[in-house]
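A short worksheet on the structure shown next.
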Amino acid sequence: MRDRRAFLKQCAGATAGMLAARTGLAGARFEPAQIGAAPGKRREIVIGGRRVKTVDIHAHTFVPEVWDLVKDTPLAAAARGTLTGNITLGNPQRLIDMDAQGIDVQVINVNAWGYSADRPLARDVIALQNEKISQYCAAHRDRFVGMAAIALQHADLAADQLDHAVRKLGMLGAAIGGSVEGQELSDRKFDPFWAKAEELGAMVFMHPQPAQGTTQNPRLQGKGGLSNTIGNPLETTVFLSHLIFEGTLDRFPGLRICAAHAGGYLASYSGRSDALCGRGGGGDCRALKRKPSEYFRSQLYIDTMIFHEEGLRHLVAEVGADHIFYGTDYPFDWPVGIDFVLNATFLSDAEKEAILGGNSIKLLRITSSS
């Protein structure tokens, strides 16, 4: 097996070159995330002459101990797919990369991969994942906080898992997929989970997982990795749209949800949803308490994975700098490093500090020990 660090460096360089070539931006300033960095001095971020704390809300891991639970089950293939390209919990390379990038705190999560599990297996897998993540974060309180894995296919169990993770394990929220085996999370069967998240004041971080009709749409084949480049943001868009139009956000007004990949396409194009609700054909959404776009100014948050400075400027105009979290999708090598925000000419120092860490510290209630 090739050395992990060498492999990740190769992937980072190859993907950066591919992005530049395919977009015609070979001469543009792309900043691939520093994956597989060599040990070195920790980068400290200074804004306006003052040291600021940075938080990456979008960072993945895989708990290797889980493999023994699933290796002889139908979940084995999904687990293996999630492990591919990821960095397992406890790998020291994670801290080395954070130091190189200038990230003080990572909010780590396991991307949803086990929604097909029956109740006993789901219970055991989630318990082990959350216990291990909690232990790791406790051992590195100044660098990591954890988001709980949740078995959403069993909504009552998911609510109990979230309660235990927050109250007993010290986790700050939950990481979920955008749908559950073809079921939309706006379905009332999932209300026990949403109610518990609201009760606890826990942030929910939504990240796409393989799903029929979006990431697994048969049209998204061929060159370009379309199931990822198009499918993942599309899954996020569908997830958010259902929560808005089906009234989930209205039923649970205290919910706080951060949607990965800059909110998919919806945060940038919510005006079309607003327009629908003002037309004759939009009668089924007139009962909403807000215009669809206004949920991005209240209950919905997004990360910075938008890549172009103009895209970030537009998102700040649409949702506000106070509803944007810095996120990298670590350990994957998307060009969204710290300097993407630091060099944004349209942002004030206060807005840069808020996006790079202040918003996460406030909304996730990250303490000074983190």
Side-chain angles (χ1 to χ4, degrees), residues 57 107 109-117 119 122-123 126 129-130 146-169 171-209 211 214 235-261 263-264 266-267 270 273 284-285 287-303 319 323 325 363-365:
I57 200 170
V107 183
N109 73 81
V110 175
N111 198 17
W113 54 268
Y115 286 160
S116 63
R119 191 180 185 94
R123 180 192 60 231
I126 295 300
Q129 286 184 140
N130 289 346
M147 300 293 271
I150 299 295
L152 271 181
Q153 68 271 38
H154 310 291
D156 60 326
L157 177 61
D160 291 342
Q161 290 167 336
L162 179 60
D163 190 88
H164 179 76
V166 172
R167 297 185 191 274
K168 303 297 185 182
L169 300 180
M171 306 182 93
L172 301 185
I176 66 171
S179 56
V180 173
E181 300 295 287
Q183 293 181 301
E184 301 300 340
L185 295 178
S186 56
D187 190 296
R188 298 298 291 262
K189 69 170 287 185
F190 298 108
D191 279 3
F193 169 75
W194 296 124
K196 179 59 69 174
E198 181 182 48
E199 173 193 333
L200 296 170
M203 174 69 73
V204 176
F205 179 75
M206 177 271 162
H207 188 284
Q209 87 285 8
T214 53
E235 175 72 358
T236 304
T237 301
V238 173
F239 161 79
L240 291 175
S241 295
H242 279 299
L243 289 192
I244 291 171
F245 286 118
E246 301 298 331
T248 305
L249 297 179
D250 286 345
R251 291 197 301 277
F252 305 102
L255 272 180
R256 297 174 303 160
I257 299 172
C258 177
H261 310 138
L266 188 62
S270 59
S273 298
D284 62 348
C285 62
L288 296 180
K289 295 181 179 179
R290 298 182 175 93
K291 292 180 179 179
S293 63
E294 292 174 350
Y295 291 94
F296 285 100
R297 296 275 182 171
S298 54
Q299 295 165 262
L300 299 180
Y301 299 79
I302 62 175
D303 67 18
V319 310
H323 276 243
F325 299 133
L363 271 296
L364 288 171
R365 300 189 294 273

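Everything numeric in this text was worked out from a predicted model, so none of it was measured.
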Closest contact, heavy atoms only, A122 versus H154: CB-CD2, 4.0 Å
Whether Y301 and H323 hold their rings parallel, tilted or perpendicular, with breakpoints at 30° and 60°: parallel
Note, L172 side chain near R365 side chain (heavy atom, < 4.5 Å): no
I244 vs L300 side-chain heavy atoms within contact, under 4.5 Å: yes
Distance in Å, H207 NE2 paired with N111 CG, rounded so as to fall on 0.5 Å steps: 5.0 Å
Nearest-0.5 Å distance, CG of residue L152 to CD of residue Q161: 8.5 Å
M203 side chain reached by M147 side chain, heavy atoms, under 4.5 Å: yes
Heavy-atom closest pair, residues S270 and A267: OG-O, 4.2 Å
Pairs satisfying salt bridge (Lys or Arg N to Asp or Glu O under 4.0 Å), at least one member in residues 148-168, at least two apart: R119-D156, D163-R167, D163-K196, R167-E199
L288 vs Y295 side-chain heavy atoms within contact, under 4.5 Å: yes
Verdict with reasoning, V110 to N130, per side chain to side chain contact (heavy atoms under 4.5 Å, CB included): CA-CA 9 Å; V110 175; N130 289 346; over 6 Å; no
Intermediate values then yes/no, side chain to side chain contact (heavy atoms under 4.5 Å, CB included), K289 and E294: CA-CA 10 Å; K289 295 181 179 179; E294 292 174 350; over 6 Å; no
Criterion side-chain hydrogen bond (donor to acceptor under 3.5 Å, both in side chains) on E235 and S179, from CA distance to verdict: CA-CA 8 Å; E235 175 72 358; S179 56; 2.8 Å; yes
Close side-chain approach of Q153 and K189, heavy atoms under 4.5 Å: no
Over all atoms of both residues, closest heavy-atom pair of A151 and A158: O-CB, 3.5 Å
Closest approach of I126 to A149 (non-hydrogen atoms, all atoms of both residues): CG2-O, 3.2 Å
Interatomic spacing from CG in N109 to CE in M171 - rounded to 0.5 Å: 9.5 Å
Spatial distance of atom CG (L157) from atom CZ (R123) [nearest 0.5 Å]: 8.0 Å
Worked verdict on S273 versus L266 for side chain to side chain contact (heavy atoms under 4.5 Å, CB included): CA-CA 9 Å; S273 298; L266 188 62; 3.8 Å; yes
Test log, rule side chain to side chain contact (heavy atoms under 4.5 Å, CB included), inputs W113 and Q209: CA-CA 7 Å; W113 54 268; Q209 87 285 8; over 6 Å; no
Check: F190 and V180 side chains under 4.5 Å, non-hydrogen atoms: yes
Qualifying residue for side-chain contact (heavy atoms from CB on, under 4.5 Å) with L185, from T248, I257, V204, I176: I176
Min side-chain heavy-atom separation F325-L363 under 4.5 Å: yes
H242 side-chain N/O to T237 backbone N/O, donor-acceptor pair under 3.5 Å: no
Stepwise side-chain hydrogen bond (donor to acceptor under 3.5 Å, both in side chains) test for S186 and E246: CA-CA 6 Å; S186 56; E246 301 298 331; 5.2 Å; no
Closest non-hydrogen atom pair between P192 and A159, with its separation: O-CB, 3.6 Å
Nearest heavy atoms of A202 and V166, plus distance in Å: CB-CG2, 4.3 Å
L255 and L243, any side-chain heavy atoms less than 4.5 Å apart: no
Salt bridge (Lys or Arg N to Asp or Glu O under 4.0 Å): pairs with one or both residues in residues 248-257, sequence neighbours excluded: D191-R251
